[in-house]
Amino acid sequence: MVTELLRNLNPAQVEATRTVDGPLLIVAGPGSGKTRVITHRIAYLINGCSIDPNRIVAVTFTNKAAREMRTRLDNLLGELSEGVICKTFHSLCVSILRVDGKKIGLDNSFVIYDDDDKSSLLKRAMEEANIDPKQYPIRAIGNAISDAKSNLLDPQAFALSRSNSYYDEIVLRVYERYESLKSNMAALDFDDLVTQAVGLLRQVTEVREKYQERYLHLLIDEFQDTNHSQYALSRLLADKHRNICVVGDPDQSIYAWRNADVGNILSFQNNYPDSKVINLEENYRSTKNIVEAAKHVISPNRNRLNNDLFSKNADGCLLVVNEGHDENEEAQWVLSEIDRLVRQEGLRFGDCAVMYRVNAQSRAMEDACRRHGVSYRLIGGVRFYLRREIKDLIAYLRVIHNRRDEISLMRIINVPPRGIGSRTIEEVRRWGEAHGFSVYESLQAISDDKEKGGLQVSLTGRAVSAIRRLMTLFEELSCQAQLLGVSDLVDLVLEKVGYREYLRGGERESEQLENVQEFRGQALEVQDLLSENPALSLEAFLESVALVSPVDGLNDAQDAVTLITLHQAKGLEFPVVFILGIEEGLLPHSRSIDDPLQVEEERRLFYVGMTRAKERLYLSRTFLRRIYGDSRNSQYSGGRTARTPSRFLRDIPRSLIEKIGNDSNSTRGDSVESDTPSIRVGDKVKHKTFGEGIVLNTIATGDDVEATIAFKGPSGVKRIMLGIAPLEKLIKKDEAFPNNE
DNA sequence: AGAAGCTCATACTCG
DNA sequence: ATGAGCTTCT
């Protein structure tokens, strides 16, 4: 049994599988059989070392990865696999907090706030703290708070840790207010799930010891993308037995922007000096050409661990680089190539994935797919659970589950319109605050106040009766929620609230009704799973909708082209991959372009995308592109922005590329480097009449060079012959942007 | 008072 | 395209 388990593994994989005692770091390059090693290691623990499956925890990045792992464990172990705990960080934390959270004062019917809810709450916190959201954008403040939490800094610790700049002072004021509101509402945001779990384990000895004892073996996947708080949680859980195995690849770290810290890999080696390190370097996924190209793209990065990826696979096809005119032509090219692959090469639509940096790029692809009648699945985009009609229904369910959830209550208090407008709400709030009541309690009190004038509340009789109707509705729904499963509850909400009628006549009516149907179906799934105790299904359902990610729904059954962002593509693989928009400003993204560290992350993102491809890799860029209508750049090129090829393209050896496209322009953005070394793409220049600008492109034309330069201000993009241009000043590319941050 | 209709700015990557 | 915030309509 055990020898069979190890038979199909290479020596490094065998070693990783059999190293079960003590801390272990597995550095696993893309396609190196990482999941295989994790699952085999778990199987080995159970079958070879007789470890109780219930004492093994595997933490993954997405639910989809967790499910996949469970399926593969099931194949290796059969029924035994069911005991293994396979969860994401967030779901692991939720389960810990549901069971033991009350020991740190957490209401166990807490709700989980998504980013929308978080913004609403931040907005309110800022209102209360008299901070102008125009001066201090909610998003920026929210990120600052998120940063603090990722580093396990509560408001107090944040206050001590920061320079007392005025900005930090503002953040602190909002942070304090935000936390206290959230606590009143018995709500947690995503960051809280981890920080609260850490707080619980740190503060409550018995809870800490319980989990430390139970979790004999801990495996953390995608370790390069954990943040400080997640790592702290991992260490806390592993502290007794010290059997902690982390699997990661610094080259695939693409979430620094949400506080993931590759430094955790170094910290791991410092925190566990006795840890063993195993490198998985053989790539089984991709052709040799793809692996070679990817290696050339990643190698300019500094601060890399030694992980020398190689492949023994066949060379395979050359990479294909396309240069299209604009995003529509690019999409057109993708579709005709996919057509060809399907008709001539025996591939399926489902084998093909189209990847891009930003969601907005999916638009042109969707249009092209529809025109060609090719079915596609769009991953991400406007997420299902963030659609208005779905969020409304979730808000009803949340208020039923936890009436302190004021963000949800406020969302649906007058949806559908029921005569409780902003003035009424304001008065209810004012009254509630004066009496120390939550909004729901205030509504109840006002509703129950039979003798008029008993309360000091200035509301019209009309408003009071509207409130009374609402309270009657909620009382009934709450009462039924004790008896019904969540799907039946959704039906009751739809009926009693008149939600379908509310959607009637709207512009997106049929689409919204379809979404509602889909939502009912999902509720029914959870209800059926918990048919023995239907009242529990509401909480389970709310939890499942809070923690899904778009990739979770990706099913391979349907033969459709996958449209997906590079970030979401991590961990996936496809026979054929198209990566679009390999242009400066998009990949690397304009928001990252000024910071060398961020450019390194963009490079890793490209590397992640490339290494998703098993057989064929297509790269594409355009000369013009419209993104979001591009209002800022509308003066250029008829509403579109002139594009220059990504610097990353230059790092792929020409020998690996088969080039197509209809423009004589070179892939190499600095093609004239040797002729006129003083002007290169990316240089900052100053023109006598047009002012300051950045060189976008250079083309040798006869005995002169034509440069495309984007000037600041109204001049916009101009093509200029360098021989005669009155360019006064030149700053080299690297000096053009001294650390702006 | 509350609803509806309008303009306006705004938009990277995510559990 | 979407939401916030404003004005106008009922």
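Chain letters run A, B, ... following the sequence lines, proteins first, then strands; residues in each count from 1. Please read all numbers here as calculations on a predicted model, not as lab measurements.
- Note on A:R603 versus A:E600: no salt bridge recorded, every NZ/NE/NH1/NH2 to OD/OE distance being 4.0 Å or above.
- Phosphate contact (OP1/OP2 of B:dA1, side-chain N/O of A:S422, threshold under 4.0 Å): absent.
- Looking at A:E427 and A:R430, a side-chain N of the basic residue comes within less than 4.0 Å of a carboxylate O on the acidic one, giving a salt bridge.
- Here A:Y255 does not count as stacked on B:dC14, because the ring centres are not under 5.5 angstrom apart with planes under 30°.
- Side chain to side chain, A:Y385 and A:D114 fail the donor-acceptor criterion of an N or O pair below 3.5 Å.
- Proximity note for A:F190 (side chain, C-beta onward) versus B:dG15, B:dC12, B:dA1: the nearest is B:dG15.
- If you check every strand for non-hydrogen atoms under 4.0 Å, A:K123 touches sugar and phosphate atoms only.
- With salt bridges taken as basic N to acidic carboxylate O contacts below 4.0 Å, one links A:R357 and A:E602.
- When the nucleotides B:dC14, B:dA3, B:dG2 are ranked by their closest atom to the side chain of A:P417, B:dA3 comes out on top.
- Atom CG of A:D116 and atom P of C:dT2 are 13 Å apart (whole Å).
- Residue contacts shown for A:R363 are absent, as no nucleic acid heavy atom lies under 4.0 Å away.
- Going from atom CD1 of A:I593 over to atom C1' of B:dC12 covers 13 Å, rounded to whole Å.
- The side chain of A:R388 contributes no N or O atom lying less than 4.0 Å from OP1 or OP2 of C:dT2.
- Side-chain nitrogen and oxygen atoms of A:Q568 include none within less than 4.0 Å of the OP1 or OP2 phosphate oxygen of B:dT13.
- Residue whose closest nucleotide on DNA chain B sits further toward the 5' end, between A:D115 and A:R591: A:R591.
- With B:dT13, B:dC12, B:dA3 as the choices, the nucleotide that has an atom nearest any side-chain atom of A:N359 turns out to be B:dT13.
- Between the side chains of A:E518 and A:Q522, a donor-acceptor pair is found at a separation under 3.5 Å.
- Using a 4.0 Å heavy-atom cutoff across all strands shown, A:F89 reaches no nucleic acid atom at all.
- At B:dT13, none of the side-chain N or O atoms of A:R357 fall inside 4.0 Å of OP1 or OP2 (strictly under the cut-off).
- Side-chain contact annotation: A:T622 with A:E330, donor-acceptor N/O pair under 3.5 Å absent.
- The CG atom of A:N143 sits 11 Å away from the C1' atom of B:dC14 (whole-angstrom rounding).
- Sequence order on DNA chain B of the closest nucleotides to A:E602 and A:N414 puts A:N414 first from the 5' end.
- In this structure, A:L586 atom CG and B:dT13 atom P are separated by 11 Å, rounded to whole Å.
- Atom NZ of A:K570 and atom P of B:dG15 are 10 Å apart (whole Å).
- Remark: A:R423 is in phosphate contact with B:dA1, judged by side-chain N or O atoms under 4.0 Å from OP1 or OP2.
- For A:T565, no side-chain nitrogen or oxygen approaches OP1 or OP2 of B:dC12 to under 4.0 Å.
- Distance A:E389 CD to C:dT2 P: 10 Å, rounded to the nearest Å.
- Stacking between A:H567 and the base of B:dC14 is absent under the criterion of ring centres within 5.5 Å and planes under 30 degrees.
- Counting any heavy atom pair closer than 4.0 Å across all strands shown, A:S91 reaches no nucleic acid atom.
- Side-chain proximity of A:D191 to B:dA1, B:dG15, B:dT13: nearest is B:dG15.
- One can place CZ of A:R139 at 8 Å from C1' of B:dA11, the figure rounded to the nearest angstrom.
- For A:Q361 and B:dA11, the CD to C1' distance is 13 Å, given to the nearest whole Å.
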